[in-house]
Peer 1: 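After the structure tokens below, expect a handful of questions from me.
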2 protein chains.
Amino acid sequence: MNISTKVMGRLARYRALLTDYFPKEKTHIFSHDLAAMMGLSASQIRRDLMCLGYFGVPRYGYEISELVKHINNVLDASKLHHVAVVGAGNLGRALMTFLESRRATLKIVAAFDDDPDKANRVLNGVPCFHMDLVEEVVKRDDIRIAILCVPGAVAQRVTDLLVKSGVKGILNFAPVPIRIPVGVVLEEIDLTSALERVAFFTNNRANAPKEKRHADR
Amino acid sequence: MNISTKVMGRLARYRALLTDYFPKEKTHIFSHDLAAMMGLSASQIRRDLMCLGYFGVPRYGYEISELVKHINNVLDASKLHHVAVVGAGNLGRALMTFLESRRATLKIVAAFDDDPDKANRVLNGVPCFHMDLVEEVVKRDDIRIAILCVPGAVAQRVTDLLVKSGVKGILNFAPVPIRIPVGVVLEEIDLTSALERVAFFTNNRANAPKEKRHADR
DNA sequence: GAAACGATGTGAAATCTTTCACATCACAAG
DNA sequence: CTTGTGATGTGAAAGATTTCACATCGTTTC
Ligand SMILES: NC(=O)c1ccc[n+]([C@@H]2O[C@H](COP(=O)([O-])OP(=O)(O)OC[C@H]3O[C@@H](n4cnc5c(N)ncnc54)[C@H](O)[C@@H]3O)[C@@H](O)[C@H]2O)c1
Ligand SMILES: NC(=O)c1ccc[n+]([C@@H]2O[C@H](COP(=O)([O-])OP(=O)(O)OC[C@H]3O[C@@H](n4cnc5c(N)ncnc54)[C@H](O)[C@@H]3O)[C@@H](O)[C@H]2O)c1
């Protein structure tokens, strides 16, 4: 079964909803309830769940604990990933605090910055190193993933260093596209253009994307 | 011409690249150069640019200043939007600082928080009000767009208040899906699931989305 | 000016994603 | 046991996005 990026992302969100924001006393859920909560169609939910190898029972819906277990399974949630935040500025530090309390399998083990004032300290619960030590620490701590929060002007240079040091996945917040060799995974988050999208569709209703449906009939 | 969300987002990123990170001495650009920089195919670039009503010239490519002008035009960049940050915590304050220096047409005019310590002060250059004043200030300052940075548990409640007050677009960072009435535009940014996507494809090469192409032949 | 070149613009094909529609199933009720 | 109900799982249609392929055109060169 080949899971697309989109399905993958939605599965992660289903899981977050079910584990973090769902009343504990509920043991089962219907596709259309999940759909209403997510703002998607019920058939899309069912289609997504097909690739889990877990099947709900008609009339009862999906058993939540089983569903979560199977999502974990498909998303490889047993593997622990070591993550580094690169660039311990405002955004980087906010992310450190935020992610600390989140999925146990994604552990932030280090931060890097080229500002000497930030190195050799513990920032927001994370040991922060100078950029000179990237290669050494990445190898020593088996860091596979980097969250890139450095200014756009140096983003490509820092990326090249990270890749050279052995990082296999990068989540880029710098508002510039960066290039990576094949074999490395890249996800870009461009907050400015997200905000611009909202602004555009806000006063341009005609072009707005089709309404999200909340049911299936 | 009907512009999809995806095209819209890419146009914003082309513009950012051309205005912020492109050598000033260059006056023209080819679709395949832009493509290489963005990590997309040249034909996709050309297809996206088709909806601008501006045409490049064969052999010379696109004139950058004209291109930017036409993107501005399509994205309605002349209109000034008033934006509020709701929830002046770590993320909210990082965003205030960051967005201040960005597009002039998206102006952060207020922040809101229910912590009395944060109200009635200027935080990161933005006046911060208590949540009790949302309705009044949104109307007074004609705030159309809200950036939602409150804890997930209260996100829906705060959203309802914002919509009631007249906000027309919401950029949601809380890691829960929120529901809005039709007529309001919503964009969700889920950093946790973005990070999980990176982690997944990092040790699951087989399922990785197709390589981005950098050329057209 | 004519020919060659090397880029664009775009119809059509290919691919990816979502939705529809309905057979099927497990349980509840009679 | 039989029937009715209201879910699921899924083939196939519809829709959206991306890529291919090539006609076309402005520039350069001869
Ligand atoms: N703050 C936000 O809300 C926000 C939102 C979206 C995107 N971004 C982007 O994220 C990045 C960081 O934003 P920020 O607000 O945290 O900025 P910031 O200035 O607060 O932090 C940048 C950090 O990077 C460090 N740095 C600079 N050069 C470096 C180098 N060569 N190697 C290592 N570290 C280096 C600096 O010392 C600083 O600590 C920027 O690219 C910004 O555009 C920020
Ligand atoms: N920090 C991050 O990097 C990050 C990343 C992704 C998502 N998020 C999400 O963004 C939101 C904010 O994150 P944060 O790190 O800034 O948290 P934070 O705790 O630093 O800030 C939350 C702010 O919201 C305010 N608040 C609480 N209840 C409120 C209410 N009812 N009305 C108005 N304001 C209220 C608090 O006073 C606080 O200032 C959370 O939902 C978080 O999950 C944060």
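Proteins get letters first, then strands, A, B, ... in listed order; numbering begins at 1 in each.
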Peer 1: Whole angstroms only, please: what is the NE2-P distance between B/H28 and C/dG6?
Peer 2: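 Rounded to the whole Å, the gap is 18 Å.
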Peer 1: Whole angstroms only, please: what is the CG-P distance between B/L34 and C/dG9?
Peer 2: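 Answer to the nearest Å: 13 Å.
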Peer 1: Among D/dT19, C/dG9, D/dA7, which is the nearest nucleotide to the side chain of B/Q44?
Peer 2: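 Of the candidates, D/dT19 comes closest.
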Peer 1: Hey, are B/T97 and A/N90 close enough side-chain-wise for a donor-acceptor pair under 3.5 Å?
Peer 2: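 Distance-only check fails for A/N90 and B/T97.
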Peer 1: Taking the side chain of A/F30 as its heavy atoms from C-beta onward, which of D/dA7, C/dG9, C/dA7 lies nearest to it?
Peer 2: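 Within the option list, the nearest is D/dA7.
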Peer 1: Quickly work out the B/H32 NE2 to C/dG6 C1' distance and round it to whole Å.
Peer 2: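 So the two atoms are 10 Å apart, to the nearest Å.
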Peer 1: Do you know which two heavy atoms are closest between B/M96 and B/N124, and how far apart they sit?
Peer 2: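 Shortest heavy-atom contact: CB-CB, 4.1 Å.
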Peer 1: Tell me whether the OP1 or OP2 atom of C/dT19 has a side-chain N or O from A/S41 closer than 4.0 Å.
Peer 2: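 The answer is yes; a side-chain N or O of A/S41 sits under 4.0 Å from OP1 or OP2.
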Peer 1: Anything under 30° is parallel, anything over 60° is perpendicular, the rest tilted; go ahead and classify A/Y54 against A/Y62.
Peer 2: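 It falls in the tilted class, 30° to 60°.
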Peer 1: Would you please test A/K107 and A/E100 for salt bridge (charged side-chain N to carboxylate O under 4.0 Å, His left out) and show each step?
Peer 2: CA-CA 7 Å; A/K107 189 163 164 51; A/E100 183 190 38; over 6 Å; no
Peer 1: Report, as a single string ordered 5' to 3', how protein heavy atoms within less than 4.0 Å touch nucleotides 23-30 of chain C: B base, S sugar-phosphate only, - not at all.
Peer 2: --B-B---
Peer 1: OP1 or OP2 of D/dC20 versus the side-chain N and O atoms of B/S43: is any pair under 4.0 Å?
Peer 2: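 Answer no for this pair, as no side-chain N or O of B/S43 is under 4.0 Å from OP1 or OP2.
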Peer 1: If you assign A/K6 and B/G61 each to the DNA chain C nucleotide with the nearest heavy atom, which residue ends up on the more 5' nucleotide?
Peer 2: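 Nearer the 5' end of the strand: B/G61.
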Peer 1: Run the side-chain hydrogen bond (donor to acceptor under 3.5 Å, both in side chains) test against B/R15 and tell me which residues pass, sequence neighbours left out.
Peer 2: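 Counting only residues at least two positions away or on another chain, B/R15 forms a side-chain hydrogen bond (donor to acceptor under 3.5 Å, both in side chains) with A/E196, B/N72.
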Peer 1: Once you round it to whole Å, what is the distance between P of C/dC20 and CD1 of A/I45?
Peer 2: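 Nearest whole value for this atom pair: 14 Å.
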Peer 1: Provide, to the nearest angstrom, the distance between the CG atom belonging to B/D48 and the P atom belonging to C/dG9.
Peer 2: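 Rounded to the whole Å, the gap is 12 Å.
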Peer 1: Check the surroundings of atom NZ in A/K139: do more than 12 heavy atoms from other residues, nucleotides or ligands lie under 6.0 Å from it?
Peer 2: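 Correct, the count exceeds 12.
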Peer 1: Measure from OH on A/Y62 to C1' on D/dG6 and round the result to the nearest Å.
Peer 2: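 After rounding, the gap between these two atoms is 13 Å.
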Peer 1: I need the CG-C1' distance between B/L49 and D/dT18, as an integer number of Å.
Peer 2: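 It is 15 Å, rounded to the nearest whole Å.
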Peer 1: Quick one: B/N2 CG to D/dT17 C1', roughly how many Å, whole number?
Peer 2: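 Between C1' of D/dT17 and CG of B/N2: 14 Å.
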Peer 1: Between D/dT19, C/dT18, D/dA21, which nucleotide has the shortest distance from any of its atoms to the side chain of B/R46?
Peer 2: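 Side chain of B/R46 sits closest to D/dA21.
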Peer 1: Whether the side chain of A/R47 and the base of D/dT10 hold a donor-acceptor pair under 3.5 Å is what I'd like checked.
Peer 2: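 Not at all, since no donor on one side and acceptor on the other fall under 3.5 Å apart.
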Peer 1: So, A/D160 and A/Q156: side-chain donor and acceptor under 3.5 Å apart, yes or no?
Peer 2: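 There is such a pair (donor and acceptor under 3.5 Å, judged by atom type) between the side chains of A/D160 and A/Q156.
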